[in-house]
Each structure stands twice: as C-alpha cells, then as structure tokens.
2 protein chains.
Amino acid sequence: MSAQNAAPSVGDGGAAALQQLAGRHATGYRSVGVMVYDILKDAILSGALLPGQKLRQETLAELIGVSRLPVRSALIQLEADGLVEFHERRGAVVKSLSPAQAAEVYDIRLLLEVEALRLTMAELTDERVARLRELGKAADRQQEGADFVDARTEFYSELYDAANRPVLWEMIEQLRLKVGRYVLGWRLVGDAEHSHTHEQLIEAVASRDVERAVGVLRDHLVGVREAVLELLEAEAADAGGPAPRVRSPR
Amino acid sequence: MSAQNAAPSVGDGGAAALQQLAGRHATGYRSVGVMVYDILKDAILSGALLPGQKLRQETLAELIGVSRLPVRSALIQLEADGLVEFHERRGAVVKSLSPAQAAEVYDIRLLLEVEALRLTMAELTDERVARLRELGKAADRQQEGADFVDARTEFYSELYDAANRPVLWEMIEQLRLKVGRYVLGWRLVGDAEHSHTHEQLIEAVASRDVERAVGVLRDHLVGVREAVLELLEAEAADAGGPAPRVRSPR
DNA sequence: GCACCCCATTCTGGATCCAGAATTCACGAA
DNA sequence: TTCGTGAATTCTGGATCCAGAATGGGGTGC
C-alpha cells in the first residue's frame with residue numbers, strides 16, 4: 001500500500017498496483033525474466049494495466065526494481081501471448097480486444113474445448129474426479145484479480161489433462177489468456193448465476209454423461225461469450241471515458 | 001557463398017547454411033531483431049537447424065553478424081512459436097516434435113481449418129478465386145526450403161482471409177508452423193501425388209461446392225498427417241544416428 | 001583401474017552504456 | 001489566432017561488459 005494509492009486512475013498507469021504485485025512475486029524465482037513476465041501478466045489480467053496503456057520499459061523496470069532488459073524479454077513473451085502489442089520504434093501497449101476478436105476466441109474455444117472434454121471423458125478416473133471437486137471448490141473461493149484466472153486455469157488444466165493432449169491444452173490456454181482480463185470484468189459486473197457452472201460440469205462429468213457435460217460446457221461458453229461481448233461493446237461505447245483509448249497519453 | 005560450404009553436416013551445426021540465409025535476409029529490415037527472427041525461423045523450417053540442435057547465442061550472433069541481444073529476442077519469440085525450447089540456464093535447442101504431438105497438431109488443424117474453410121466459402125468472391133489460382137501456381141513452383149512453407153502460407157492466408165477471422169487464422173498459422181519443418185521432410189521423400197491437392201481444392205472452392213472442398217481439405221490433412229507420422233517414427237527409430245536427441249538432463 | 005571430486009572454462013542471464021528515431025514543445029509567420 | 005517548422009527531450013533498440021551457474025576435464029583417492 002503505497003502512499004499515492006489514493007487515485008489508481010488512468011494517469012497513474014496502475015503504478016501502485018504494479019508495485020504491490022511486484023512485492024508479492026518478489027521471492028524465490030529462478031530468473032528475473034520470468035518473474036517480470038509473471039508480474040506483468042498478472043497486472044494485465046487483474047486490470048492493473050488497462051488495454052491501450054503505454055508500457056514504458058524504463059518505468060516498468062523502476063517499479064519492479066530490475067533493469068530494462070528482463071522487462072523487454074517479458075514484453076516480447078507477452079506479445080507472443082497476445083497480451084501486448086509492439087509498435088515499431090514506438091514501444092509496447094496493452095493489447096485491447098475488439099468485440100469481433102473476442103467473439104472469435106469464444107467460437108474457437110467452443111470447438112476446441114468440446115473436443116477436449118470428449119477426449120477427457122473417455123479417460124476419466126475416479127481420483128481425477130475427486131481432484132476436480134477440490135479444485136472446483138478452490139476456484140470458487142478465489143475472487144480477486146489474477147488469482148481468479150489462475151485458479152480456474154488449474155481446474156480446467158486438471159480436467160483436460162485426462163485427455164492427454166498437451167498441444168490442444170496449450171491452444172485452449174492461449175485463448176483463455178486472451179480473454180482473461182475481460183472475463184474478470186464480466187465477473188465483477190455479472191450476477192452469480194454462472195457460479196454453479198463448475199458444480200454442474202463436475203456432476204455431469206462425474207456421472208460420465210458426455211452429452212450433458214458437453215451441453216453444460218457449451219452453455220457456459222456461450223453465456224460468457226455474450227456477457228463479455230456486452231461488456232466490450234459498452235466499453236467501446238464510452239470511449240474517452242474511464243477506458244483509456246490508444247490515444248495520446250502523457 | 002562461404003568457403004567452408006563443403007560439409008553442412010550436423011557437426012557444423014548448419015553454420016554455412018545459416019550464413020547463406022543471413023546474406024539473403026540482409027537487406028531492408030526495420031529492426032535487427034525481426035531480421036534475426038526471420039533468419040532463424042527460416043533456418044529451422046528449411047532444416048538447416050535440426051531438432052535437438054543446441055543454439056548458442058554467441059555462435060548465432062557471430063554467424064549472422066549482430067550482437068547477442070537481438071538473437072535473444074528472436075529466440076524468445078521462437079520459443080513462443082514453439083520452434084525452440086529453453087532449458088533454464090542451459091540455453092536453447094531446436095524443439096523436436098513427438099509423433100503424438102504432430103498427430104495432435106493435425107487433429108486440431110482439421111477442426112480449425114474445416115471451420116475456416118466453411119466460413120470462407122460463405123464469403124468468397126470471384127476476384128479472390130482468381131488470386132487463389134495465381135497463388136496456388138506460385139506455391140507449386142516453390143520447392144526449396146522455407147520458401148516452400150512461405151508460399152503455401154500465402155495461399156492459405158488468402159484462402160482463409162475471406163472468412164475474416166484473424167484469430168482463427170493466427171491459430172492455424174501457429175499450428176502450421178509447428179509442423180512446417182517436418183512437412184518439408186515429407187515433401188522431400190514423398191511422391192508427387194499430393195501436388196494436385198491445390199488444384200482440386202481450388203476447383204471445389206471455385207465451384208462453390210462446400211462439402212467437396214471440405215472433403216478435399218480433410219483428405220489432404222489426413223494424408224499429410226499419415227506421411228509426417230511415418231517420417232517422425234522413422235526418425236525416432238534411428239535415434240543416436242544423424243538426428244541428435246534431446247539428451248537426458250544432468 | 002575405476003570412480004569421485006574439484007577446478008577451470010564456457011555460456012547464459014543481467015546491468016549499464018550508446019546511438020538513432022519519434023514525439024513534443026516552442027517559436028515564428030501568415 | 002492558428003498552423004507549420006525546427007530543435008530539444010525522451011524513449012526504444014542495439015552493443016558491450018560483468019557476474020553466476022553449468023559443464024567438461026583433470027587429478028586424486030580408493
């Protein structure tokens with residue numbers, strides 16, 4: 001909690017929140033580069049760094065307390081993840097997702113996750129179901145920032161891991177990352193009706209009812225898709241408002 | 001170009017071929033980093049750098065004629081592309097694909113490309129078909145190294161571009177990249193029977209016959225999948241031979 | 001003779017320094 | 001008053017330098 005935490009506005013660029021994240025990640029890292037990567041990823045997913053935000057290497061380096069080099073490494077990785085965007089000789093900004101792109105992400109996820117779920121359910125064991133119940137409950141407890149995304153990632157990782165399709169999971173994970181920041185926004189404004197999705201999904205899975213499980217997953221994804229699109233279009237509507245556009249900051 | 005082009009064996013690490021590639025990419029680049037990225041990508045796709053090959057930054061930097069820093073940037077990007085693999089504090093190696101992973105890639109491509117093709121054919125114009133004929137012919141002319149992959153990438157880019165699904169295309173492109181190096185190997189050993197795939201696909205597309213086009217695409221992907229798997233399993237069989245393995249840690 | 005341990009070498013990862021390009025601010029002219 | 005031009009500042013991208021870890025070789029002990 002730094003002193004100038006009073007106004008986590010656009011102007012401060014999420015500096016205070018970023019320093020907090022830096023503190024939480026400070027310990028036990030093999031290399032500084034991956035630490036910075038994790039910090040920045042969390043910052044974007046948690047909303048501390050908003051889409052369109054300019055990411056000046058010098059500033060980030062100072063806030064985290066490292067040199068510019070690992071920051072550059074992390075930014076390059078994040079670019080590959082689709083979370084930031086490089087403008088040649090003009091620096092990096094947090095990538096924003098258009099409604100159309102978000103829609104695409106969910107369409108593709110539908111294809112891939114249904115496939116993964118079917119494959120998973122052919123290889124499911126009782127122990128895995130038990131672990132899923134645990135992770136599902138743990139995920140429902142996590143409500144803040146990047147932990148929310150991480151917990152759910154763990155859940156789905158365990159679920160789809162039964163399919164033993166690492167490449168498929170990698171693709172799904174990439175797609176989930178792209179919309180991670182917006183799902184968080186959806187959770188904040190959304191009602192709790194979707195919170196039972198995990199339970200429904202787990203029960204369908206546990207009872208080995210493939211079609212029902214696929215149905216729950218499909219409904220869930222379609223529902224989130226709608227909510228995220230609504231959020232994105234609302235955000236696009238009041239451009240110039242609290243949502244910082246790609247326009248000139250400074 | 002270089003004098004010691006005599007023995008492009010595994011021992012030389014593709015140094016001569018890499019220097020050639022460096023020469024071809026030398027001109028007109030905005031930044032050194034992306035140049036190095038292109039060079040290394042081409043080197044891996046063309047087979048100048050073989051899976052399992054150690055990628056020492058100093059050596060690569062000297063061969064290309066730049067400092068180690070842009071090499072590092074390029075390697076990080078290539079890691080995100082799934083073409084190289086970092087071993088913490090032990091450097092990078094060209095990533096090798098297991099038969100199972102290759103099979104996965106083709107399974108996912110089948111899902112995504114069929115979807116992309118369907119979407120494309122709903123939005124197809126005559127001009128695009130004409131351009132596809134051109135690109136198809138151009139692709140069939142390219143037979144060497146990374147150009148082979150690039151030309152086909154251009155073709156499929158034009159094809160799926162009609163669908164106007166950038167994220168979907170990005171995913172497909174990623175998957176194609178992962179198997180690019182092996183497809184090349186398949187082409188080298190494979191017969192020419194598949195060379196008519198482009199024509200068949202274009203004709204089906206031109207006649208607006210969705211199901212036939214999907215059928216051609218599906219057959220093509222399944223066929224290539226089989227061939228690549230055969231190649232990979234043969235390669236895995238003579239491990240310890242010319243193909244350097246990933247070596248046990250420690 | 002073989003195996004284990006220690007030391008030297010090498011290479012990665014990080015920090016600091018430098019050059020080129022872009023943005024911004026200021027000044028002047030229309 | 002406003003627009004255009006030019007210079008200064010700032011920031012990215014690249015090069016060089018340094019520290020720490022891993023590997024390989026050599027020596028020694030069993």
Side-chain angles (χ1 to χ4, degrees), chain A residues 11 13 15 18 22 25-40 49 52-80 84-95 244-250, chain B residues 11 13 15 18 22 25-40 49 52-80 84-95 244-250:
Chain A
L18 197 66
H25 281 273
T27 56
Y29 264 98
R30 37 264 145 90
S31 81
V32 182
V34 300
M35 180 186 76
V36 175
Y37 171 77
D38 281 352
I39 291 174
L40 291 180
L49 295 174
Q53 178 110 32
K54 270 185 74 174
L55 298 172
R56 290 185 306 148
Q57 301 175 355
E58 181 69 36
T59 308
L60 294 176
E62 278 175 14
L63 282 172
I64 300 174
V66 297
S67 106
R68 271 178 48 208
L69 210 134
V71 172
R72 272 168 71 176
S73 299
L75 287 176
I76 293 172
Q77 288 179 262
L78 289 167
E79 184 197 22
V84 312
E85 200 174 10
F86 270 81
H87 292 161
E88 200 66 38
R89 279 276 173 196
R90 288 175 58 190
V93 299
V94 179
K95 201 168 181 176
R245 300 312 302 161
V246 191
R247 281 304 312 141
S248 59
R250 177 51 185 253
Chain B
L18 197 66
H25 280 274
T27 56
Y29 263 99
R30 37 268 143 91
S31 83
V32 182
V34 300
M35 181 185 75
V36 175
Y37 171 77
D38 281 352
I39 291 173
L40 291 180
L49 295 174
Q53 177 110 33
K54 271 186 71 174
L55 298 172
R56 289 185 305 141
Q57 300 174 356
E58 181 70 35
T59 308
L60 294 176
E62 279 175 14
L63 283 172
I64 300 175
V66 297
S67 108
R68 271 178 50 210
L69 211 134
V71 172
R72 272 168 71 177
S73 299
L75 288 176
I76 294 172
Q77 288 180 261
L78 289 167
E79 184 197 21
V84 313
E85 201 173 9
F86 270 81
H87 292 165
E88 200 67 37
R89 277 278 173 194
R90 287 175 58 194
V93 299
V94 179
K95 201 167 181 177
R245 299 311 301 160
V246 188
R247 191 185 71 263
S248 59
R250 284 190 214 274

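Keep in mind that the numbers below use all heavy atoms, side chains included, and drop hydrogens, waters and symmetry copies. Residue numbers begin at 1 in each chain, while the letters A, B, ... track the order of the sequences.
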Rounded to the nearest 0.5 angstrom, the CD-CZ distance for Gln77(B) and Arg72(B) is 13.5 Å
NA contact type, Ser31(A), heavy-atom cut-off 4.0 Å: base, sugar-phosphate, or nothing? sugar-phosphate
Rounded distance (Å) that lies between atom P of dC11(C) and atom CZ of Arg89(B): 15 Å
d(Ile76(B) CD1, Tyr37(A) OH) to nearest 0.5 Å is 11.5 Å
Arg30(B) CZ - dA22(C) P separation (whole Å): 14 Å
Quick check: on DNA chain C, is the nucleotide nearest Ser73(A) upstream (toward 5') of the one nearest Glu88(A), or the reverse? Name the residue that is more 5'. Ser73(A)
Take the protein atom CZ of Arg72(B) and the nucleotide atom P of dC11(C), then report the distance between them rounded to whole Å. 15 Å
Does some side-chain heavy atom of Leu55(A) sit less than 4.5 Å from a side-chain heavy atom of Val71(A)? no
Less than 4.5 Å apart, any side-chain heavy atom of Asp38(A) and any of Met35(A)? no
Rounding to an integer number of Å, can you tell me how far Lys54(A) NZ sits from dA22(C) P? 13 Å
Let's test your reading of the model: under 3.5 Å, does the base of dG13(D) pair with the side chain of Arg68(A) as donor and acceptor? yes
Residue Phe86(B), side-chain atoms from C-beta onward, closest of dA15(D), dG13(C), dT16(C): dG13(C)
Under 4.0 Å between any heavy atoms, over every strand shown, what does Leu55(B) touch: base, sugar-phosphate, or nothing? Just pick one. sugar-phosphate
How close or far is atom P of dA21(C) from atom OH of Tyr29(B), stated in whole angstroms? 19 Å
Can you name the closest pair of heavy atoms from Glu88(A) and Ser31(B) and give their distance? OE2-CB, 3.4 Å
Here the distance between atom P of dA22(C) and atom CD of Gln57(A), to the nearest Å, is 16 Å
Could you check which of dG14(D), dA15(C), dC11(D) has an atom nearest any side-chain atom of Val66(A)? dA15(C)
Which nucleotide wins on minimum distance to the side chain of Arg90(B), given the candidates dT23(D), dT16(D), dT12(C)? dT23(D)
Separation of Leu60(B) atom CG from dC11(C) atom P, in whole Å? 12 Å
Rounded to whole angstrom units, what separation is found between the CG atom of Leu69(A) and the P atom of dC17(D)? 16 Å
